Amino acid sequence: MPAHNSDVASMFEELADILEIEGANPFRVRAYRNGARSVSGLSHSLRDLVRQEEDLTQYPGIGHELATKIKEIVDTGSLSALEEARQRVSPDLVSLMHIQGLGPKRVKALHDKLGVKSLADLQQAAAQGKVAELSGFGTKTQNSILEEIERFQGEEKRYKLAVVEDVAATLSRHLEKQSGVQKVQVAGSFRRRKETVGDLDILVTGNRPDEVMQALVNYEDVRQVLAHGQTKSSVIMKNGLQVDLRFVAQDSFGAALHYFTGSKAHNIAVRRLALDRELKVNEYGVFHGEQKVAGKSEEEVYASVGLPYIVPELREDRGELEAAAQGRLPELIQRKDLCGDLHVHTKASDGKNTLQELAQAARDMGYEYLGITDHTRNLSMVGGLGEDRLMEQMEEIEDLNAQLSGITLLKGSEVDILKDGSLDLPDWVLQKLDFCVCSVHTAFNLSREKQTERILRAMDNSNCTILGHPSGRLIGSREAYDVDMERVLHGAGERGCILELNSQPDRLDLDDVYCKAAKELGVKIAISSDAHQLGNLELIRFGVDQARRGWLEAEDVVNTRPLEGLKKLFKR
DNA sequence: GCCGTTTTCGGCCCGACTGTTTTCAGTCG
């Protein structure tokens with residue numbers, strides 16, 4: 001059984017859940033959660049680290065005990081402490097913790113007093129009115145449990161960033177229109193530009209808190225009100241997304257924004273730094289005893305703990321605080337740094353537009369070049385190009401380039417990587433192109449070893465300029481294929497192959513963690529839209545967001561180079 | 001269970017809201 005970092009993390013999380021239900025020392029529980037978080041933010045694979053006999057306790061939150069457990073998971077694929085814990089507390093019972101409003105104490109009470117063992121048991125007990133009879137519970141709790149069970153079963157837990165953007169924009173406008181509102185700002189993982197968002201955190205300043213809260217709970221798209229207080233309200237929108245609204249005072253805005261932007265791990269780390277200086281940080285400000293010393297702006301908050309401003313995208317407690325303290329925060333890439341796009345489809349395969357239309361759109365976006373990369377023949381269902389049609393397209397591009405001014409079309413192709421790692425078109429054709437994006441579109445189920453070898457072999461071909469959407473994942477619908485990304489990263493580095501950061505909101509592939517790893521290995525990244533129609537070209541901003549989360553600077557990304565510089569990077 | 005530029009023991013981030021209470025526990029972010 002493969003043991004990815006995420007497997008280790010989820011085992012630690014599950015163990016933490018069980019210990020919590022059992023009433024274990026809360027700090028011990030927290031230690032497991034910290035360990036899980038630390039592990040999932042790691043850019044190295046634990047399997048490799050263990051194999052290389054690295055000292056795992058060098059990573060934050062991993063001590064002797066967790067290091068031993070990680071070794072056990074990597075070596076055996078399971079964790080005996082977790083197996084034993086599951087005997088005591090069943091996974092079905094643990095899963096009840098994921099229902100909003102149910103924590104360890106209540107789950108334990110439901111189990112001990114009512115014999116609840118599963119979601120079905122709970123639903124039945126609540127429907128029969130037994131839950132309300134327990135001390136500490138009541139009719140309201142019982143009803144909300146029933147509602148939550150239905151919601152829990154019906155819907156996805158996290159939403160893609162691009163989906164949430166619409167809700168955020170319309171709701172922000174609605175709130176801004178309310179009288180007495182000065183400022184509306186979305187915080188949370190949305191502001192950190194995380195690829196998926198669990199809920200929307202919105203901050204409001206002004207002088208009529210009651211009315212703003214009222215405006216949210218009465219908003220037409222609200223399905224259910226979870227909480228409605230003086231300074232905080234929570235609602236569920238009709239699409240299932242939870243929105244938390246906070247009213248904050250003007251002079252606490254920076255502290256609140258920092259607090260609610262998170263991540264939680266980053267905030268905890270900042271508060272720990274503050275404690276060293278005998279400061280207390282909360283959402284109202286930074287305090288020295290009773291005295292408030294900062295809070296108006298986020299810059300103030302960071303300054304109070306001796307740090308420069310850290311942009312939201314970096315706030316994951318993945319080394320940004322240390323980097324800030326040492327004055328080596330990256331100067332992150334921005335949308336305006338991009339000189340072109342290197343992955344675009346036309347009508348020739350599964351795109352919607354002509355070369356001319358795309359060229360014009362790219363020029364209007366201020367690009368210097370646009371890489372045309374239609375699919376190849378292996379993807380016959382989307383009209384993939386064989387060598388004849390590709391040769392024709394190359395001619396077309398050359399003719400068009402002769403007429404166009406202000407934009408250059410690059411002759412490219414998104415070449416299928418076949419099952420054995422060979423490329424879908426012969427070398428003599430590929431050599432005529434300016435560059436190739438090579439991608440896996442079939443045979444996702446190969447073993448880890450075979451999939452990895454397949455991709456390495458594809459990169460062996462010097463015509464493979466860019467490895468397209470390297471993991472193949474589709475957020476929320478398809479797992480990445482099983483591939484040793486560490487080896488792929490090293491392989492790309494050794495061969496001078498560029499890795500793509502595909503900007504489609506459901507791909508964002510490479511992800512942030514591997515972008516950072518690639519950067520550390522000196523592997524270059526191409527941020528591409530993978531546009532299939534004109535409107536898709538702008539999706540590239542989501543790629544830029546993800547790149548920023550991956551610590552990438554302009555120099556790490558090939559398509560920040562003007563055309564001549566780019567062409568040099570294409571040669572390998 | 002983790003951690004340490006006072007420490008290897010004794011700390012460990014902090015506040016709002018809800019429901020069930022009669023002053024607070026549980027949950028959440």
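Chain naming here is simple, since letters A, B, ... match the order of the sequence lines and numbering starts at 1 in each. Being a predicted model, the structure only gives us computed values, none of them experimental.
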- Over-ring placement of A/Arg193 relative to A/Phe190, 6.0 Å and 45° cut-offs: yes

- Separation of atom CG in A/Leu279 from atom P in B/dC14, rounded to whole Å: 11 Å

- Hey, could you give me each pair passing side chain to side chain donor-acceptor pair (under 3.5 Å) that has a residue in residues 134-147 of chain A? Not counting sequence neighbours. A/Glu147-A/Gln224

- Just call it for A/Thr57: base, sugar-phosphate, or nothing, with non-hydrogen atoms closer than 4.0 Å on any strand. nothing

- Do A/Asn25 and B/dG1 have a side chain to base donor-acceptor pair shorter than 3.5 Å? yes

- Message: Please check this pair: side chain of A/Asn502 against backbone of A/Asp509, looking for a donor-acceptor N/O pair closer than 3.5 Å.
- Response: no

- Message: Nearest to the A/Leu66 side chain among B/dA16, B/dG29, B/dC2, which nucleotide is it?
- Response: B/dC2

- Message: Using atom C1' in both nucleotides, what's the gap between B/dT23 and B/dT18 to the nearest angstrom?
- Response: 15 Å

- Query: Hey, does the side chain of A/Asn34 come within less than 4.0 Å of B/dC2's phosphate (OP1/OP2), counting only N and O?
  - Reply: no

- Item | N/O donor-acceptor pair under 3.5 Å between A/Arg208 side chain and A/Gly180 backbone | no

- Do A/Ile18 and A/Leu82 have side chains that get closer than 4.5 Å, going by heavy atoms? yes

- Task: Let me have a per-nucleotide readout for nucleotides 20-28 of chain B, 5' to 3', with B, S or -, counting only protein heavy atoms under 4.0 Å.
- Result: SS----SSS

- Item | Nearest-angstrom distance from the residue atom CZ of A/Phe27 to C1' of B/dC12 | 5 Å

- Quote, to the nearest angstrom, the C1' distance that separates B/dC12 from B/dC17. 25 Å

- Pairwise side-chain contact, A/Val513 with A/Asn5, heavy-atom cut-off 4.5 Å (strictly under): no

- Between the side chains of A/Asp244 and A/Ser234, is a donor N or O closer than 3.5 angstrom to an acceptor N or O? yes

- Task: Can you sort out the partners of A/His174 under ring pair (Phe, Tyr, Trp, His ring centres under 6.0 Å), two or more places apart, ordered by chain and number?
- Result: A/Tyr219

- Just checking A/Arg30: base, sugar-phosphate only, or nothing, at a heavy-atom cut-off of under 4.0 Å? base

- Query: Between B/dC12, B/dC14, B/dC17, which one does the side chain of A/Lys280 approach most closely?
  - Reply: B/dC14

- Message: Could you tell me how far B/dG15 sits from B/dT20 if I compare only their P atoms? Round to whole Å.
- Response: 26 Å

- In Watson-Crick or G-U wobble terms, both distances under 3.5 Å, what is the partner of B/dG1? B/dC12

- Taking the C1' atom of each, how far is B/dT6 from B/dG10, in whole Å? 14 Å

- Message: If I take atom CG in residue A/Leu245 and atom C1' in nucleotide B/dG29, what distance separates them, rounded to the nearest angstrom?
- Response: 14 Å

- Query: Considering only the C1' atoms, how many Å lie between B/dT7 and B/dG11, rounded to the nearest integer?
  - Reply: 10 Å

- Message: Nearest to the A/Glu283 side chain among B/dG1, B/dA16, B/dT18, which nucleotide is it?
- Response: B/dA16

- Query: Considering only B/dG29, B/dC2, B/dA16, which nucleotide approaches the side chain of A/Tyr259 most closely?
  - Reply: B/dG29

- What's the CZ-C1' distance between A/Arg28 and B/dC9, to the nearest Å? 18 Å

- Query: Base, sugar-phosphate, or nothing for A/Val281, non-hydrogen atoms under 4.0 angstrom?
  - Reply: sugar-phosphate

- Message: Suppose you measure atom P in B/dT21 against the same atom in B/dT27; what distance do you get, rounded to whole Å?
- Response: 15 Å

